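Below is one structure, written out as structure tokens; comments come after it.
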Amino acid sequence: MATIRETVRSLLGALRDRRPVAYCRLVETRGSTPQKAGAMMLVFEDGSQAGTLGGGCVEAEVKRRAIRVLQGGTAEVATFQLDSDYGWDDGLICGGRMQILIEPIRFDGDSDVGGAADDAAAIRDYFQQLAELVDTGRGMTEVIVFDGEASGLTAPLSFLFDANDEPVKSLHASLDSQALNVVRDSMRPLASRPRPWAARGIAYLPTVPRCRLVIVGGGHVGKAVADLAADLDFDVWVVDDREEFVSESRFPRAEQRLCGNVDRVLPELEITPDTYCLIVTRGHSHDEEALFHLAERGACYVGMIGSRRKIKMIFDDLLNEGISAEALQRVHAPLGVDIGSQTVPEIAISICAELVSHRNRDGVVPGRPTPVEVSRA
């Protein structure tokens with residue numbers, strides 16, 4: 001399933017190629033639905049798509065409506081009740097409700113002066129800004145007024161807020177309008193990593209900042225974690241001293257693939273307070289060296305794979321080398337949520353579950369094994 005980032009990259013491609021496309025955004029759900037608010041799908045004139053709203057008959061009907069909207073040129077908010085009208089042929093009868101914004105992006109009349117050409121240009125500018133904000137990974141919030149009666153505003157209207165919760169672009173409204181003041185009343189800070197929500201007919205659809213995940217070790221576990229973490233909106237960086245273990249073919253979705261000895265690469269690597277570091281190398285000595293260079297660098301998370309005996313030995317060695325007990329006690333080791341993992345895919349799932357919980361719950365990770373105690377002088 002395509003991530004929001006992958007979908008907006010398709011949007012950037014459509015804008016670059018001047019290819020008409022309908023932007024479909026799930027703005028509100030009630031009850032049981034195949035996707036929740038924030039889901040995104042692009043529909044092209046030939047019926048092809050990027051992204052998804054959950055599949056089934058609803059998605060097929062959205063595509064039909066999107067093609068009509070592209071032809072007509074006027075945005076609409078479509079409501080779908082998930083009953084026997086949508087889902088009978090594939091068993092999808094959820095009983096919920098979905099409201100979906102369908103916004104056409106066209107390239108007709110660019111040579112005209114004023115009127116429809118100006119409107120089309122404004123729409124394209126808005127979506128260019130949206131795609132760029134999402135692609136940077138710093139975070140943003142799209143706010144969509146979808147219910148005119150509940151909000152007291154004209155619908156649909158759309159606003160973009162940057163990572164600092166400041167408005168940067170609007171569609172069908174101005175940034176100094178009364179509508180913006182109404183919209184801001186129910187804003188939640190992006191720093192709190194909120195989920196999508198709706199209030200008084202206005203949808204708030206945050207794309208939270210992506211965190212960097214530095215995986216030291218490109219072996220079986222590192223590869224399995226990287227494949228899964230990319231789908232979980234981590235920016236994956238992989239470090240290994242073996243060129244074949246950091247190749248593009250092995251890690252096609254990694255943002256960075258760094259080949260070199262740990263003692264050369266890690267000291268030069270930028271580590272921010274939002275960086276996650278995962279040590280899964282091929283051996284005890286490599287793990288110890290990696291932890292030496294990462295334990296006190298200020299990352300929000302450092303985890304290391306291994307048995308309790310190995311972890312205790314590494315901790316004792318690093319204490320003797322001057323690494324503080326406080327830094328070592330913050331290391332997540334043993335690694336991963338305790339789900340009885342045995343196979344590499346199971347280990348990767350347990351590790352990624354820990355990473356997501358730590359990121360989304362402000363460091364809280366239920367189900368963790370008892371940490372290895374650090375000896376203190």
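Being a predicted model, the structure only gives us computed values, none of them experimental.
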**Backbone N/O of Ala179 and side chain of Arg184: donor-acceptor pair under 3.5 Å** = no

**Prompt:** Are more than 12 heavy atoms from other residues, nucleotides or ligands located less than 6.0 Å from atom CD of Glu243?
**Reply:** no

**Message:** Please determine whether a side-chain nitrogen of the Lys or Arg among Arg253 and Glu6 lies less than 4.0 Å from a carboxylate oxygen of the Asp or Glu.
**Reply:** yes

**Prompt:** Quick one: does Lys36's side chain have a donor or acceptor within less than 3.5 Å of a partner on Glu28's backbone?
**Reply:** no

**Fill in**
So side-chain hydrogen bond (donor to acceptor under 3.5 Å, both in side chains) across residues 259-272, not counting sequence neighbours, yields Arg212-Glu270, Thr272-Thr275

**Asked** With under 30° as parallel and over 60° as perpendicular, where do the rings of Trp197 and Tyr204 fit, or are they tilted in between?
**Response** parallel

**Prompt:** Quick one: side-chain contact (heavy atoms from CB on, under 4.5 Å) partners of Asn360, sequence neighbours excluded?
**Reply:** Arg193, Val356

**Item:** Spacing of CG belonging to Asp125 relative to CG belonging to Leu15, to within rounding of 0.5 Å
**Value:** 9.5 Å

**Message:** I'd like to know if Arg368 pairs up with Asp338 as an ion pair, taking the criterion as any Lys NZ or Arg NE/NH1/NH2 lying under 4.0 Å from an Asp or Glu carboxylate oxygen.
**Reply:** no

**Request:** Flag the pair Lys63 and Glu61 as a salt bridge only when some basic side-chain nitrogen lies within less than 4.0 angstrom of an acidic carboxylate oxygen.
**Result:** no

**Message:** Quick check against the 3.5 Å criterion: does Glu346 have a side-chain atom that pairs as donor or acceptor with the backbone of Gln342?
**Reply:** yes

**Message:** Quick one: does any side-chain atom of Ser357 pair with a main-chain N or O of Val364 as donor and acceptor, under 3.5 Å?
**Reply:** yes

**Message:** Taking atom CZ as the centre, does Arg195 end up with more than 12 heavy-atom neighbours from other residues, nucleotides or ligands that are less than 6.0 angstrom away?
**Reply:** no

**Request:** Quick one: do Thr52 and Glu59 satisfy side-chain hydrogen bond (donor to acceptor under 3.5 Å, both in side chains)? Show the steps, please.
**Result:** CA-CA 8 Å; Thr52 182; Glu59 188 163 284; 2.7 Å; yes

**Asked** What residues form a salt bridge (Lys or Arg N to Asp or Glu O under 4.0 Å) with Lys312, not counting sequence neighbours?
**Response** Asp316

**Request:** Could you tell me whether the side chain of Ser158 reaches within less than 4.5 Å of the side chain of His172, counting heavy atoms only?
**Result:** no

**Prompt:** Hey, is NE2 on His286 packed in by over 12 heavy atoms from elsewhere, all under 6.0 Å?
**Reply:** yes

**Message:** If we check side-chain contact (heavy atoms from CB on, under 4.5 Å) with Phe80, which of these qualifies: Leu53, Val62, Leu26?
**Reply:** Val62

**Request:** Could you state whether Ile123 and Val168 fall into the same hydrophobic cluster, counting links through intermediate Ile, Leu, Val, Met, Phe, Trp or Tyr residues with side-chain heavy atoms under 4.5 angstrom apart?
**Result:** yes

**Message:** Whether the side chain of Arg250 engages the backbone of Gly218 through a donor-acceptor N/O pair (distance < 3.5 Å, no angle test) should be reported.
**Reply:** yes

**Prompt:** Hey, is Asp241 close enough to Arg282 for a salt bridge, meaning N to O under 4.0 Å?
**Reply:** yes

**Request:** Check whether any side-chain N or O of Arg124 sits under 3.5 Å from a backbone N or O of Arg106 as a donor-acceptor pair, and report yes or no.
**Result:** yes

**Test item: Arg210 side-chain N/O and Asp135 main-chain N/O as donor-acceptor pair under 3.5 Å** = yes

**Prompt:** Thinking salt bridges, do Lys223 and Asp240 make one under a 4.0 Å N-O criterion?
**Reply:** no

**Request:** Dump the intermediate steps for salt bridge (Lys or Arg N to Asp or Glu O under 4.0 Å) on Asp274 and Arg359, then the final yes or no.
**Result:** CA-CA 9 Å; Asp274 295 322; Arg359 179 188 66 185; over 6 Å; no

**Message:** With a 3.5 Å distance limit and no angle check, can you tell me whether Glu354 reaches the backbone of Leu335 through a side-chain donor-acceptor pair?
**Reply:** no

**Prompt:** Does CD belonging to Glu248 count more than 12 external heavy atoms closer than 6.0 Å?
**Reply:** no

**Request:** Can you establish whether the number of heavy atoms outside Asp362 located under 6.0 Å from its atom CG is more than 12?
**Result:** no

**Message:** Would the distance check show the side chain of Glu296 and the main-chain N or O of Ser324 forming a donor-acceptor pair, the cut-off being under 3.5 Å?
**Reply:** yes

**Asked** Arg330 side chain to Val302 main-chain N or O, any donor-acceptor pair under 3.5 Å?
**Response** no

**Request:** Determine, for Arg200 against Asp147, whether the closest basic-nitrogen to carboxylate-oxygen distance falls under 4.0 angstrom.
**Result:** no

**Prompt:** Do Tyr126 and Glu142 have side-chain atoms, one donor and one acceptor, less than 3.5 Å apart?
**Reply:** yes

**Asked** Using the ring of each side chain (for Trp, its six-membered ring), is His358 parallel, tilted or perpendicular to Tyr301, with breaks at 30° and 60°?
**Response** perpendicular

**Item:** Option passing side-chain contact (heavy atoms from CB on, under 4.5 Å) with Val216 (candidates Leu278, Val238, Val280, Leu294)
**Value:** Leu294

